[in-house]
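Atoms within a ligand are numbered from 1 in the order they appear, just like the ligands themselves. Computed over heavy atoms, backbone and side chain alike; hydrogens, waters and symmetry mates excluded.
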Amino acid sequence: MEIFPESASSYSSDIDNLFWLIMVFVGIAFVASLIILIYPLIKNHHSKVPRAEYITGNQKKHLKWIVIGMVLMAISDFAILFIEHGTWAKTQEHVPDDVELHVSVIGKQWNWVFIYPGPDKKLNTADDVVVDQLNSELHIPINKNIKVDIKARDVVHSMFVPAFRFKYDAIPGRTVTRWFRATKEGKYDLSCAEICGVLHSNMRNFIVVESQEQYEEFLSNLYQSQ
Ligand SMILES: [Cu+2]
């Protein structure tokens, strides 16, 4: 049974594994809570216990259970932190050195704006190319590291590419730099995952993953259109 959306980036499965990891911890806590809730209802049914006992919860024998719960919760949190640390470092702390394309993706009311580096291959120079069209596509080559500067022009948006397991807030005044490597050719949704105004749902753009040749052809056409 496949419960996840299509998977098309080098670290999709790492993120999916984290989902299952947290699911196991939360699942155990969920079942335990239900037992703790339902068992006393049955045990203290009014046919057996006609008069309820009033518990203030500040006696030692009651406090013990609060502390046990807190400790178990803290252990779970640290276990998750410990196990996920590798994935966190890979996806968020280090951008790989060999980057094929460095782009800006800017959220605004209501569209995603893409800024490609110009023929000098460097972003934030005079020859950068701005693509600001509703539902436009960001073209990238397959199996290459893409570095993304995520920004916002007005309010908070969130750059969400489900197939890449990529989701980061775009915050005005800040540049959030992340990366991904697409592993499957195709056209994938790039939408906004933060309610950002009445036309929030217009922010449906796409990432097109294509071969190196197709990508270079796209770039040269883009440069010619300038
Ligand atoms: Cu938005």
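- Counting heavy-atom neighbours within 6.0 Å of Lys48 NZ, excluding the residue itself, gives a total above 12.
- No donor-acceptor distance shorter than 3.5 angstrom exists from the side chain of Asn145 to the backbone of Pro96, with no hydrogens or angles considered.
- Inter-residue side-chain proximity for Phe114 and Ser136 is flagged as met; some heavy-atom pair is nearer than 4.5 Å.
- The main-chain N or O of Cys196 is found under 3.5 Å from a side-chain atom of Gln109 such that the two form a donor-acceptor pair.
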Audit row: Asp127, Lys122, salt bridge (Lys or Arg N to Asp or Glu O under 4.0 Å) steps and yes/no: CA-CA 9 Å; Asp127 64 352; Lys122 286 197 193 92; over 6 Å; no
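- Of all protein atoms, those of element N, O or S that lie under 2.8 Å from the Cu ion (ligand 1) number 4.
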Could you list the donor-acceptor pairs under 3.5 angstrom formed by side chains in residues 164-172, with sequence neighbours left out?
from	atom 1	to	atom 2	distance (Å)
Arg165	NE	Asp16	OD1	2.6
Arg165	NH1	Glu6	O	3.1
Arg165	NH1	Pro162	O	2.8
Arg165	NH2	Pro5	O	2.9
Arg165	NH2	Asp16	OD2	3.1
Asp169	OD1	Ser158	OG	3.4

